[in-house]
Amino acid sequence: MKPMLLAFLAIAVIAAAANYGLTEFAGFSAAERTTVGQSVRLD
Amino acid sequence: MNAIRHVLGAFVVCFLATMALAQETPDRGATGGAPTLADIMARQAQQSVDDSARRAETGNPDVAPPLDNVLGTRGGASDPDLWRALRFDSADITTQINGPAAGVLIQDAGMGWLRLREGPLQTYGLWLLGSTVTVLALFLLIRGRIRIDGEKTGRTITRFKALERFGHWLLAGSFILLGLTGLITLFGRKYIIPVFGHDAFSTVAIASKWVHNNVSWAFILALVMIFVFWVAHNLPDRTDIKWLLKGGGIFGGGHPPAKKFNAGQKLIFWSVILLGGSIALSGLALLFPFEVQLFAPTFEKINALGVPGWFGQPALATILTPHEEMQYAQLWHAIVGMVLTAIILAHIYIGSVGMEGAYDAMGSGEVEEQWAREHHSLWVDELKARKARTGKEGAKA
């Protein structure tokens, strides 16, 4: 039971860390990548 | 191995055949090479049209009439030539926007992609998931729960260590979150907006996107973990053939011998590794737009093997715009994701309500010795032999 709860906690930690790392730390934004001008709209 | 390659090839081509229907080379003599009414109708019906002649007709400055000629000022290319070059993405243009896809001014594959995404992808996806749940429910009704046949011993055997269970639940938890948020993203416009409205769906969609993008890293990490933990136990061997020939003993007929993982579990393991790996790869292509080119190189390899010819199909396009790469990545991601979801539904079923004692393996990590003897007899024998050799405890009272 403990490994399961720890795993679920780890999912939340990894997700928060990934978001911070990509957006805050590396400054990456997928939205910006796909909206640099009208030609890159997909729908 | 060859058989697997052929099956995979067939799957890929069948999928791609929906994107590019059989091409024809019509007689365009009546229009002097320009599109005919049949071409226009075919394009409107999202069918593929042989436009190679028009693609090539984009002017040639090298054969331009000299300046002293009455047509010399044209420079070898007319306005229609330029528009054709823009239309077929061969014009030498410069844009102010420095985006990876900004140089593509016209890209008409998007409509075909959108129709596939909103039509067959959703329809067949729902059928796949719905029929899987129905079949499992019927199976439970007909076969009932698979019970431990023999008398319980009261002793347990350690089946999975804490770190293995952590890896499993990291994968399971992230996959469920990714599956749910993926389904919301795919089906939300059609099924959630009509019921809850645009405002409510907007919040749900933004949250789903955040969860899907960021939880994906936990899934990738867990995929690597379980591969390292269990690959050695999941290599196919002779016992798998016997297990499969007996259908795993699901419909009676005793329990075929199995090592730590039986053939059914090995199929699940390799499905998760291969399909999960493919989902992760196409997911990365979607997460980092226009950075990863997966499909053009893959299509080149498929063409080199001659796979499209086996099905009477023309060679696959190997020059794709960045947008088309993204469109293929989205379709592939969704299709493989739903196939893996169907497989995992069966795994969840047999690991919970479908079989007595199975959940303990991933719950506490300790399984009833009688359960282990019935479902993994060779593994229990191995543990007993090891215990006899080393004196190390394998079973607990």
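Just so it is clear: chains get the letters A, B, ... in the order the sequence lines come, proteins before strands, and each one is counted from 1. Side-chain atoms are counted along with the backbone in the values below, which use heavy atoms only and exclude waters and symmetry mates.
- By number of non-hydrogen pairs under 4.5 angstrom with chain B, the leading residue of A:Ala15, A:Ala18, A:Ala16, A:Ala17 is A:Ala15.
- Between B:Trp230 and B:His168 there is a side-chain heavy-atom pair separated by less than 4.5 Å.
- If you tally non-hydrogen atom pairs under 4.5 Å between each of B:Leu163, B:Ile106, B:Asn214 and chain A, the highest count goes to B:Asn214.
- To the nearest 0.5 Å, the span separating CD on B:Glu366 from CD1 on B:Ile157 amounts to 9.0 Å.
- For the set B:Ala218, B:Ala222, B:Pro322, the count of heavy-atom pairs under 4.5 angstrom toward chain A peaks at B:Ala218.
- Here the side chain of B:Glu325 pairs no donor or acceptor atom with the backbone of B:Phe290 at under 3.5 angstrom.
- For B:Thr341 (side chain) and B:Gly337 (main-chain N/O), a donor-acceptor pair under 3.5 Å exists by modelled atom type.
- Most heavy-atom pairs under 4.5 Å with chain B, from the set A:Ile11, A:Leu22, A:Ile14: that is A:Ile11.
- Annotation: residues 353-364 of chain B contacts chain A through B:Tyr359, B:Gly363 [non-hydrogen atoms, separation under 4.5 Å].
- Among residues two or more places apart in sequence or in another chain, the salt bridge (charged side-chain N to carboxylate O under 4.0 Å, His left out) test is passed with B:Arg84 by B:Glu57, B:Asp81.
- When the side-chain hydrogen bond (donor to acceptor under 3.5 Å, both in side chains) test is applied to B:Arg159, the partners found at least two apart in sequence or on another chain are B:His376.
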Result block: side-chain N/O donor-acceptor pairs under 3.5 angstrom for residues 171-185 of chain B, not counting sequence neighbours:
from: B:Ser174; atom 1: OG; to: B:Leu170; atom 2: O; distance (Å): 2.7
from: B:Ser174; atom 1: OG; to: B:Leu171; atom 2: O; distance (Å): 3.0
from: B:Thr181; atom 1: OG1; to: B:Leu177; atom 2: O; distance (Å): 2.7
from: B:Thr181; atom 1: OG1; to: B:Leu178; atom 2: O; distance (Å): 3.2
from: B:Thr181; atom 1: OG1; to: B:His212; atom 2: ND1; distance (Å): 2.8
from: B:Thr185; atom 1: OG1; to: B:Thr181; atom 2: O; distance (Å): 2.7

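- Within the 4.5 Å cutoff, the side chain of B:Phe88 has no heavy atoms near those of the B:Thr58 side chain.
- Residue A:Leu9: no heavy atom, backbone or side chain, is found under 4.5 Å from chain B.
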